[in-house]
Asks: 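I have a structure I would like to understand better, so I am pasting it below and will then ask my questions one at a time.
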Amino acid sequence: MPARQATRKPAGTRLTITPPADFDLARDVCSYGYFILAPNHWSVADQTLTRVLHLSDGPATCVIAQPKDKLSIRFDRALSPAERNEAKKQTSRMLRLNEGESHSKAFHTVDKRWRNPGRARLFRSPTLFEDVIKTVTSCNVAWPSTVNMNTQLCRHIGVGGAFPTAQKMARTRLGTLRGRCRVGYRDQRMIDLAKLFAKGQIDEPWLKSPKTPDDDLFKFLVSLPGIGPYAAGNIMQLLGRYSRLAIDTETVRHGKAVLGMTGTDRQITKKLEAHYEPFGDFKFKSYWFELWDFYESKRGPAHLWDREGVGKTFTAAQLQ
DNA sequence: GGTAGACCTGGACGC
DNA sequence: GCGTCCAGGTCTACC
């Protein structure tokens, strides 16, 4: 009988990243609703973010922790040198590590309310495509449906539990998106968007360039299928442009309930634009942290939210 | 340029 | 358990 060989699983890769000095994983991940959406999973017990990243050799699950001042990213498999670079880029985008301390200070100079809690970063996705599709899943729908759509997209279209790539979604049948992923009439729009990304017809360097004027960016975004004024404003903040609000019913509700505004929705929209005007290039951040502060005043700190409970019912409509 | 109605889904509600 | 109503942003047709 041959000697039994020890079967040791190859060690997964572990990356270490030095974030900006004011970065706080729990606060900065749990700062925007996308941290609740699949494939993201925030562990309240461990205070870590787990998700599948789509890398060139296939999906890889990573666990991001911040034991001290460094970020530790542990993968479930070994990554090639090229994949390590991809993983670092995607993680940096997701956590907005490109927004350093100077960016935070500039924001806090304009809006001092968030200096002490240190709020300055908004969580986003590893890729622009995921951010755009997530934005579409948040339009004209209650939050629990947005949660479900993203869960089903990862389950039925994403490889290995990852968020679907543009290439994969572009090849997906309408019936799969509608029947299995429950995206409803958004099916055709999502496939059209995926095709634009897959064919390279979305000029990402132009979208990301600081030289591109905000107005040009907005005009381009609203020309995309499924993207209207709200979605375009939201995608702008996801691109790092905070000079516009993304006004939806939640914004109007905030204007009424928290800021004490009165009038028709249209009048309140104008009042909101005027209210946030003093925050200039940081309008969206000032608005968003006000809204987030309201949620946390009702439900406690976001990094302690129960995923199945609060995470699915955290809109202001259900908090009033 | 402004407005009305359709588009889907899922939750709330009444029976 | 079933049927009805409603919320939610975008798109299209129409004025």
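If you're wondering where the values come from, they're calculated on a predicted model, not measured in any experiment. By convention in this document, chain letters (A, B, ...) are assigned in the order of the sequence lines, proteins followed by strands, and residues within each chain are numbered from 1.
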Asks: Within the supplied structure, the quantity of interest is the number of heavy atoms (other residues, nucleotides, ligands) at a distance under 6.0 Å from A/Arg27 CZ; does it exceed 12?
Replies: yes
Asks: Are A/Trp292 and A/Tyr295 close enough that their ring centres sit under 6.0 Å apart?
Replies: yes
Asks: Hey, is the side chain of A/Arg253 poking within less than 4.0 Å of OP1 or OP2 on C/dG8, counting only N and O atoms?
Replies: yes
Asks: Should the pair A/Phe107 and A/Phe289 be assigned to parallel (<30°), tilted (30 to 60°) or perpendicular (>60°) ring geometry?
Replies: tilted
Asks: Please state how far atom CE in A/Met190 lies from atom P in B/dT9, giving the value in whole angstrom units.
Replies: 12 Å
Asks: Output the rounded distance in Å from CD (A/Glu250) to P (C/dG8).
Replies: 8 Å
Asks: Measuring to OP1 and OP2 of C/dG9, would you say a side-chain N or O of A/Thr249 lies under 4.0 angstrom away?
Replies: yes
Asks: May I ask you to check whether over 12 heavy atoms, not counting those of A/Arg173, lie within 6.0 Å of atom CZ?
Replies: no
Asks: Counting only side-chain N and O atoms of A/Arg266, is one of them less than 4.0 Å from OP1 or OP2 of B/dT3?
Replies: yes
Asks: Between P on C/dC11 and OH on A/Tyr185, what's the gap in Å once rounded to a whole number?
Replies: 9 Å
Asks: For A/Asp265 and B/dT3, give me the distance from atom CG to atom P, rounded to whole Å.
Replies: 13 Å
Asks: Looking at every strand, decide which applies to A/Leu177 at a 4.0 Å heavy-atom threshold: base, sugar-phosphate, or nothing.
Replies: nothing
Asks: Would you kindly give the CG-to-P distance between A/Asp248 and C/dT10, to the nearest whole Å?
Replies: 9 Å
Asks: Between A/Asn148 and A/Asn140, which has a closest nucleotide on DNA chain B that is more 5'?
Replies: A/Asn140
Asks: How long is the line joining CD1 of A/Ile227 and P of C/dG8, in whole Å?
Replies: 19 Å
Asks: At their closest point, which heavy atom of A/Arg244 faces which heavy atom of A/Met236, and how far apart are they?
Replies: CD-SD, 3.6 Å
Asks: End-to-end bend of the helix from B/dG1-C/dC15 to B/dC15-C/dG1 (five-pair axes, 10° rounding)?
Replies: 30°
Asks: The side chain of A/Ser145 is closest to which nucleotide in this list: C/dC11, B/dG2, B/dG10?
Replies: B/dG10
Asks: Is it the case that the base of C/dG8 and the side chain of A/Tyr230 share a donor-acceptor contact (distance under 3.5 Å, atom types as modelled)?
Replies: no
Asks: Would you say the ring centers of A/Tyr34 and A/Phe123 fall short of 6.0 Å from each other?
Replies: no
Asks: Could you state the CH2-P distance from A/Trp143 to B/dG10, rounded to the nearest angstrom?
Replies: 16 Å
Asks: Tell me whether the side-chain N/O atoms of A/Arg182 come closer than 4.0 Å to OP1 or OP2 in B/dG10.
Replies: yes
Asks: For the residue pair A/Phe282 and A/His103, is the inter-centroid distance of their aromatic rings smaller than 6.0 Å?
Replies: yes
Asks: Atom CD of A/Gln188 to atom P of C/dG9: distance rounded to whole Å?
Replies: 23 Å
Asks: Counting side-chain heavy atoms from C-beta on, which of B/dT9, C/dG8, B/dG10 comes nearest to A/Arg178?
Replies: B/dT9
